[in-house]
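One structure is given here, and the rest of the page talks about it.
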Amino acid sequence: MAFRDLTANEIEVRVSRITNAGVELLLYKDARTDMSILDETFGVMGWRDSYQSINGELFCTIEVWDEQKSQWIGKQSNGSPSNMEAEKGRASDAFKRAGFMLGIGRELYTAPRIFVYADKCVKLSQGKNGKMQCYDRFSVAKIKVVDGRIVGLAIRNDDTGKVVFTHVEDGYGKEQ
């Protein structure tokens, strides 16, 4: 079973670290993307998910129907609560992690370090608490994946519409 690579519009970008010099970004997927890819790959009835609490941790199991073996094949992972809606976030996180276990979006683990310099941000400032804050929104403008590895990546600052980060591995040519 192999899943297709994620497309640029299926990948979310968030700020993970802020310094005076700029911001470090992380790529991630959401649970809706996993559900869409499971539907696309196995059909709506070809997969299922379940949740259970083990020692206070919430675990999600995603199972897919294996025609050759005539049985359900599953992968399981736990989730962490989110800052907004703790339990909903925990369930969503567990689902996304179980999706990674199956292979959905594993290419995200190969992303380069994404650092955007402060002069490319328009909403980067020092907060009242003395810590730097960034309210810029970022998205993936382009992505190229070869053999499960990100070899080309362009990140756009949605507030300016400009590409603020590019990564192209040697041997794969320049992104257009």
Side-chain angles (χ1 to χ4, degrees), residues 5-37 49 51 53-60 62 76-145 148-170 172 174-175:
D5 299 325
L6 298 177
T7 62
N9 65 337
E10 292 173 322
I11 301 168
E12 304 288 328
V13 181
R14 74 172 173 86
V15 174
S16 67
R17 194 169 70 92
I18 307 169
T19 69
N20 290 335
V23 296
E24 195 166 333
L25 305 176
L26 285 179
L27 304 180
Y28 68 98
K29 61 185 173 82
D30 66 23
R32 288 180 298 274
T33 295
D34 285 16
M35 291 175 198
S36 294
I37 290 174
D49 62 327
Y51 296 85
S53 180
I54 302 172
N55 295 327
E57 293 286 327
L58 182 65
F59 283 79
C60 175
I62 299 176
Q76 182 180 67
S77 191
N78 66 323
S80 301
S82 70
N83 293 333
M84 299 289 281
E85 299 177 63
E87 284 311 306
K88 182 179 174 187
R90 183 183 299 217
S92 178
D93 190 48
F95 189 90
K96 291 184 298 185
R97 288 181 184 197
F100 273 123
M101 297 284 287
L102 280 171
I104 301 171
R106 250 188 225 158
E107 64 271 21
L108 296 180
Y109 288 128
T110 70
R113 178 177 178 258
I114 304 168
F115 190 83
V116 176
Y117 290 97
D119 64 343
K120 306 275 189 202
C121 300
V122 293
K123 299 177 183 174
L124 180 67
S125 61
Q126 192 167 25
K128 293 178 183 177
N129 61 1
K131 292 184 178 182
M132 293 301 291
Q133 298 175 325
C134 180
Y135 296 103
D136 291 56
R137 293 170 297 122
F138 299 92
S139 61
V140 175
K142 290 184 182 181
I143 187 166
K144 182 176 177 86
V145 178
R149 227 176 71 251
I150 295 173
V151 297
L153 180 66
I155 301 293
R156 174 181 38 246
N157 182 325
D158 293 333
D159 294 304
T160 65
K162 295 181 180 176
V163 171
V164 293
F165 174 88
T166 57
H167 166 79
V168 179
E169 286 192 10
D170 290 341
Y172 292 101
K174 186 143 178 81
E175 293 282 313

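Basis for what follows: all heavy atoms, side chains included, without hydrogens, waters or symmetry-related copies.
- Shown here for Ile150 and Pro112, the closest heavy-atom pair between the two residues is CG2-CD, 4.4 Å.
- Cys60 SG to Asp93 CG: the interatomic distance, rounded to the nearest 0.5 Å, is 10.5 Å.
- You'll find the side chain of Asp34 reaches within 4.5 Å of the side chain of Phe95, heavy atoms only.
- The shortest heavy-atom contact between Ala31 and Ser92 is CB-OG, 3.6 Å.
- Residues Leu25 and Ile155 are in side-chain contact: their nearest non-hydrogen atoms beyond the backbone lie under 4.5 Å apart.
- Side-chain atoms of Arg90 do not come within 3.5 Å of backbone N or O of Phe59 as any donor-acceptor pair.
- Of the possible polar contacts, one joining the Asn157 side chain to the Lys120 backbone as a donor-acceptor pair under 3.5 Å is found.
- For the pair Ile104/Thr33, no side-chain contact is recorded, criterion being any heavy-atom separation below 4.5 Å from C-beta on.
- Side-chain atoms of Ile143 and Leu6, non-hydrogen and from C-beta on, never get closer than 4.5 Å to each other.
- Annotation for Gly127 and Gln133: closest pair CA-OE1, 3.5 Å, computed over non-hydrogen atoms.
- Under the 30°/60° scheme for interplanar angles, the aromatic rings of Phe115 and Tyr117 are found to stand perpendicular.
- The two atoms that bring Gly99 and Ile62 nearest to each other are N-CD1, 3.6 Å, heavy atoms only.
- Side-chain N/O atoms of Asp49 and Tyr51 include a donor and acceptor closer than 3.5 Å.
- Side-chain contact between Val23 and Phe138 is present, with heavy atoms from C-beta onward closer than 4.5 Å.
- Taking a cutoff of 4.0 Å between a charged side-chain nitrogen and a carboxylate oxygen, Asp159 and Arg137 qualify as a salt bridge.
- At least one side-chain heavy atom of Ser80 sits under 4.5 Å from a side-chain heavy atom of Arg97.
- Here the closest heavy-atom approach between residue Ile18 and residue Cys134 is recorded as CD1-N, 3.5 Å.
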Query raised in the report: side chain to side chain contact (heavy atoms under 4.5 Å, CB included) between Lys29 and Lys96: does it pass, once the steps are laid out?
Result: CA-CA 7 Å; Lys29 61 185 173 82; Lys96 291 184 298 185; 4.1 Å; yes
Which donor-acceptor pairs under 3.5 Å do the side chains of residues 8-17 make with protein atoms, sequence neighbours left out?
| residue | atom | partner | partner atom | Å |
| --- | --- | --- | --- | --- |
| Asn9 | OD1 | Thr7 | OG1 | 2.5 |
| Glu10 | OE1 | Arg4 | NH1 | 2.9 |
| Glu10 | OE1 | Thr7 | N | 2.9 |
| Glu10 | OE1 | Thr7 | OG1 | 3.2 |
| Glu10 | OE2 | Arg4 | NH2 | 2.7 |
| Ser16 | OG | Glu24 | O | 3.2 |
| Arg17 | NE | Glu24 | OE1 | 3.2 |
| Arg17 | NH2 | Glu24 | OE1 | 3.3 |

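- Side-chain atoms of Val145 and Val151, non-hydrogen and from C-beta on, never get closer than 4.5 Å to each other.
- In this structure the side chain of Met132 reaches within 4.5 angstrom of the side chain of Leu124, judged on heavy atoms.
- The aromatic ring centres of Phe100 and Tyr109 sit less than 6.0 Å apart.
- Shown here for Ala111 and Leu27, the closest heavy-atom pair between the two residues is CB-CD1, 3.8 Å.
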